[in-house]
Colleague: 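Below are the structure tokens for one structure; questions will follow.
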There are 2 protein chains.
Amino acid sequence: MNFATDSNDVGELRLEGFLPYRLANIAERISQALSLIYAEQFDLTIAQWRILAWLQQERTLSAKRICELTAMDKARVSRAVNQLIERELIQRQRDHEDQRTQWLSLAPAGLTLLKDVIPRALDWEAEIVATLSATEYRDLLRLLSKVEKGLARLESPSHDTASPSEPN
Amino acid sequence: MNFATDSNDVGELRLEGFLPYRLANIAERISQALSLIYAEQFDLTIAQWRILAWLQQERTLSAKRICELTAMDKARVSRAVNQLIERELIQRQRDHEDQRTQWLSLAPAGLTLLKDVIPRALDWEAEIVATLSATEYRDLLRLLSKVEKGLARLESPSHDTASPSEPN
DNA sequence: CCACCTTAGTTTCAAATGAAACGATAGGCC
DNA sequence: GGCCTATCGTTTCATTTGAAACTAAGGTGG
């Protein structure tokens, strides 16, 4: 079942109906627009912002887990984490059983910062989705979850690459 | 109307319900997975692939227009275009009225390559969205369009930044 | 206990990126 | 025509990126 090729059948691609393109395009534009909030006003990179947001939600995480949750490279995560620690927005503590892994959590300053950023991010999101009804919003999230499931199936036919949208 | 903050109201962010995060995450993972097709098998970068795909659809485009359509930086587009020309996948021709703009179009080799890539990309997409019914697929695209409209409204309250998904 | 393999996170290095400066053309406007 | 400003696309340069090598810590099997 394929709707990105309606008219000419073979070899024709209509990008408006090609999900990978549509998602990449919208996501890119949204990320870029949202970054104006956390980048310009709080001097955070995308990577830093994502890490903070996840730590806010999960209390404590390893760098490894953050890689899975955010789909970011481990080098990128490592660097962002160090920058956040330097700014004392998060703190790091070695696991006592396994000296390799280190647990990350928000530092007081990070919590303060988030209390400032998050409401703005939420307000901003609200403006964007103002075009959607409550039902449509829920439908959209539900459909994205379904796509994510299809994706997970392909990404790792038998291995779990973390399904961040379904934490429970 | 906001669903990313259910429980605690102020200052709490649940990422699973935060659209910018969900879109970025899914789009990133899809792009990454799809790139295995055009990168590994055809040695194309994302930028190159997007340009080819758009040229396939629109016959002829200026670099400027490609920037708008793909939400990519003009330096990035410039470089990708030159690489494509070097590989003789596309061709360039100056506009006779305006010597600044140059029109890009697929070269024979580019068309051949696309005839090879596109079916694979479509098949791959089909696998991903196999979890969706036809109706759900259409709904998803429709909802994304609505989000895009909300986004366009914020991006430029009175100026058109090209709505690639609604070409007509 | 000692090879050997795996895993967590860091670092290195080359390539990709984007902001800003640039060159070249075009379009007023006087 | 000469001057000012805007636009298309390229290039420069400093930063960011990610693949791969690396360090350090566990595990495992003999």
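These numbers were taken from a predicted model, which means no experiment stands behind them. Protein chains get the first letters and strands the later ones, always in sequence-line order, with residue 1 at the start of each.
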Colleague: Rounded to the Å, how far apart are B:Lys74 NZ and C:dT17 P?
Modeller: 17 Å
Colleague: To the nearest angstrom, how far is B:Arg94 atom CZ from D:dG9 atom P?
Modeller: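 In whole Å, D:dG9 P lies 9 Å from B:Arg94 CZ.
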Colleague: If you compare every side-chain N and O of A:Gln102 against the phosphate oxygens of C:dT10 (OP1, OP2), does one of them come in below 4.0 Å?
Modeller: yes
Colleague: Give the rounded distance in Å between these two atoms: CD1 of A:Ile66 and P of C:dG9.
Modeller: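 In whole Å, C:dG9 P and A:Ile66 CD1 are 9 Å from each other.
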Colleague: Answer with base, sugar-phosphate or nothing: what part of the nucleic acid does B:Arg92 contact at a heavy-atom distance below 4.0 Å?
Modeller: sugar-phosphate
Colleague: How close do A:Leu44 and A:Arg87 get, counting heavy atoms only, and between which atoms?
Modeller: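 Answer, listing the atom of A:Leu44 first, then A:Arg87: CD2-NH1, 3.6 Å.
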Colleague: Restricting to non-hydrogen atoms, name the atom on B:Lys146 and the atom on A:Leu132 that form the minimum distance, rounded to 0.1 Å.
Modeller: CB-CD2, 3.4 Å
Colleague: Mind listing the N/O atom pairs, protein and nucleotides 14-18 of chain D, below 3.5 Å?
Modeller:
residue: D:dG18; atom: N7; partner: A:Arg79; partner atom: NH2; Å: 2.4
residue: D:dG18; atom: O6; partner: A:Arg79; partner atom: NH1; Å: 3.3
residue: D:dG18; atom: O6; partner: A:Arg79; partner atom: NH2; Å: 3.4

Colleague: For A:Gln32, report the nucleic acid contact type (base, sugar-phosphate, nothing); a contact means any heavy atom under 4.0 Å.
Modeller: nothing
Colleague: Please state how far atom CD in B:Gln99 lies from atom C1' in D:dT10, giving the value in whole angstrom units.
Modeller: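 Rounding to the nearest Å, CD of B:Gln99 and C1' of D:dT10 are 16 Å apart.
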Colleague: For residues B:Ile51 and B:Met72, report the shortest heavy-atom separation together with the two atoms involved.
Modeller: CG1-CE, 4.2 Å
Colleague: Send over the distance from B:Trp49 CH2 to C:dA16 C1', rounded to a whole Å.
Modeller: 21 Å
Colleague: Please state whether the phosphate of C:dG9, meaning OP1 or OP2, lies under 4.0 angstrom from any side-chain nitrogen or oxygen of A:Ser78.
Modeller: no
Colleague: Separation of B:Leu36 atom CG from D:dA19 atom C1', in whole Å?
Modeller: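 After rounding, the reported distance stands at 14 Å.
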Colleague: If you assign A:His96 and B:Val77 each to the DNA chain D nucleotide with the nearest heavy atom, which residue ends up on the more 5' nucleotide?
Modeller: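 Its nucleotide being nearer the 5' end, the pick is B:Val77.
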Colleague: Is there a donor-acceptor pair under 3.5 Å between the side chain of A:Ser78 and the backbone N or O of A:Lys74?
Modeller: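 Checking the backbone N and O of A:Lys74 against the side chain of A:Ser78, no donor-acceptor pair under 3.5 Å is found.
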Colleague: How many whole angstroms separate atom CD of B:Gln93 from atom P of D:dG9?
Modeller: 14 Å
Colleague: Could you please name the option among D:dT10, C:dA8, D:dG26 that lies closest to any side-chain atom of A:Asp98?
Modeller: D:dG26
Colleague: Is any side-chain heavy atom of A:Thr131 less than 4.5 Å from a side-chain heavy atom of B:Arg153?
Modeller: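 A side-chain contact exists here, since the closest heavy-atom pair is under 4.5 Å.
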Colleague: Ring centres under 6.0 Å, that's the criterion: do B:Trp124 and B:Tyr38 meet it?
Modeller: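 They do not qualify: ring centres at least 6.0 Å apart.
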Colleague: Does A:Ile46 share a hydrophobic cluster with A:Ile66, counting links as ILVMFWY side-chain heavy atoms below 4.5 Å and allowing steps through other members?
Modeller: yes
Colleague: Quick check on B:Arg59: does its CZ atom have over 12 non-hydrogen neighbours (other residues, nucleotides or ligands) under 6.0 Å away?
Modeller: no
Colleague: On a heavy-atom basis, which atom in B:Ala121 and which in B:Trp49 lie closest, and how many Å separate them?
Modeller: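 Here B:Ala121 and B:Trp49 meet closest at CB-CH2, 4.2 Å.
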Colleague: Mind listing the N/O atom pairs, protein and nucleotides 3-7 of chain C, below 3.5 Å?
Modeller:
residue: C:dT7; atom: O2; partner: A:Arg100; partner atom: NH1; Å: 2.7

